[in-house]
Structures are given as structure tokens and as C-alpha cells.
Amino acid sequence: QVQLVESGGGLVQAGGSLRLSCAASGRTFSSYFTGWFRQFPGKAREFVAAISRSGGSTYYADSVKGRFTISRDNAKNTLYLQLNNLKPEDTAVYYCAARSSNFYSPSWYDYNYWGQGTQVTVSS
């Protein structure tokens, strides 16, 4: 098992930036394919970005491509999401997630482990 704890959310003006972190503990972090999802009120979790175990492959939702960057540091057991050029429509709770398989999936139900979420609010 792996435990995930997000941090770095907050309130930012449109056009601003934030960096989210997800600290992992428990089983070896490099054993997991990881991703970021976000959830709007009353909606299902939405795929944002994902990264392979080694960090060599990354995947993005079209809505964030070119603005967000996912990365990981397996030595520090930490996953990151750099959010640039933020828009009010990016306002959501952001979750990090992990799955044992190293195959890419944008579906939230394919991920076994979740953090508690961190709120990102973008004001116009």
C-alpha cells in the first residue's frame, strides 16, 4: 500500500501559478503509476495529468496541455503538478492518485490509492 498527502493548493489570481505536491509513504513510490485528477462540485473526478513509474512518459488532458506540468522525484517519494496560466475554470479540488499497473489510464476508477485532496481557487 501507499499513502498519499497533497499540499500546495490555495487562492491565486487568473494568470498566476501554483505548484502542488503529493508526498507518498509506505510501499516504494517508484512502483506506482501516478496521476492528478480534479473534481468540480457535483461532478465526477476529471483526469488532469499522469506520469509513468520512471517519469519517462507523461500524459495530459487537452484542457491543461501547455499550462500544467506533471513530474515526480522517486528519490523524494514525491509527485508534483506545476500549474501555470491558471484560469477561473481550473478552480477545483485536486487529488493525486496511484495505481500498481504501469499502463496509462485517464479513468479515476483505475486508480487504487488517493490523497485527501487540496483546494485550488482561481479568482478572475
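Basis for what follows: all heavy atoms, side chains included, without hydrogens, waters or symmetry-related copies. The shown structure was predicted, so the numbers you read here are calculated from the model rather than taken from an experiment.
Residue I51 is not grouped with residue V2 when hydrophobic side chains (ILVMFWY) are merged at heavy-atom distances under 4.5 angstrom, including chains of intermediate members. There is no path of hydrophobic side-chain contacts, each under 4.5 Å, that joins Y95 to L79. Under the 4.5 Å side-chain contact rule for hydrophobic residues, Y94 and L4 do not share a cluster. Cluster annotation: Y32 and Y104 are assigned to distinct hydrophobic clusters (Ile/Leu/Val/Met/Phe/Trp/Tyr, side-chain heavy-atom contacts under 4.5 Å, transitive).
Put simply, the side chain of N74 never gets that close to the backbone of N77: no donor and acceptor are under 3.5 Å apart. When atom types are taken as modelled, the side chain of E46 and the backbone of F37 share no donor-acceptor pair closer than 3.5 angstrom. Between the T78 side chain and the K76 main chain, a donor and an acceptor come within less than 3.5 Å of each other. Looking only at distances, a side-chain donor or acceptor of S101 sits under 3.5 Å from a matching main-chain atom of F103. In this structure, T69 contributes its side chain and Q82 its backbone to no donor-acceptor pair below 3.5 Å.
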Show the numbers, then the answer: is there a side-chain contact (heavy atoms from CB on, under 4.5 Å) between C96 and E6?
CA-CA 7 Å; C96 63; E6 301 97 336; 3.6 Å; yes

Test side-chain hydrogen bond (donor to acceptor under 3.5 Å, both in side chains) applied to D110 and S105, step by step:
CA-CA 7 Å; D110 283 332; S105 172; 2.6 Å; yes

Begin with the C-alpha distance, continue with both residues' side-chain angles, and end with the deciding distance and a verdict on side-chain contact (heavy atoms from CB on, under 4.5 Å) for V5 and Q3.
CA-CA 7 Å; V5 179; Q3 292 78 44; 5.7 Å; no

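Every side chain to side chain contact (heavy atoms under 4.5 Å, CB included) that N85 has, sequence neighbours left out, goes to R67.
Taking the ring centre of F29 as origin, the terminal cationic atom of R72 falls inside the region bounded by 6.0 Å and 45° from the ring axis.
Atom SG of C22 sits about 8.5 Å away from atom CD of Q116, to the nearest 0.5 Å. Of the inter-residue distances, the one linking N102 atom CG with S52 atom OG reads 6.0 Å to the nearest 0.5 angstrom. Between atom OG of residue S100 and atom CD of residue Q1 there is a gap of 10.0 Å, rounded to the nearest 0.5 Å.
Around atom CH2 of W114, more than 12 heavy atoms belonging to other residues, nucleotides or ligands sit under 6.0 Å away.
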Would you tabulate the side-chain donor-acceptor contacts of residues 9-20 under 3.5 Å, counting partners in other chains and residues two or more places apart, or write 'none'?
{"residue": "S17", "atom": "OG", "partner": "N84", "partner atom": "OD1", "Å": "2.9"}

Would you be so kind as to tabulate the donor-acceptor pairs closer than 3.5 Å made by side chains of residues 59-66, with sequence neighbours excluded?
{"residue": "Y60", "atom": "OH", "partner": "I70", "partner atom": "N", "Å": "2.9"}
{"residue": "D62", "atom": "OD1", "partner": "K65", "partner atom": "NZ", "Å": "3.2"}
{"residue": "S63", "atom": "OG", "partner": "R38", "partner atom": "NH2", "Å": "3.4"}

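Aromatic ring centroids of W36 and F47 lie 6.0 Å or more apart.
Below 30°, between 30° and 60°, or above 60°: for Y111 and F33 the angle between ring planes is between 30° and 60°, a tilted geometry.
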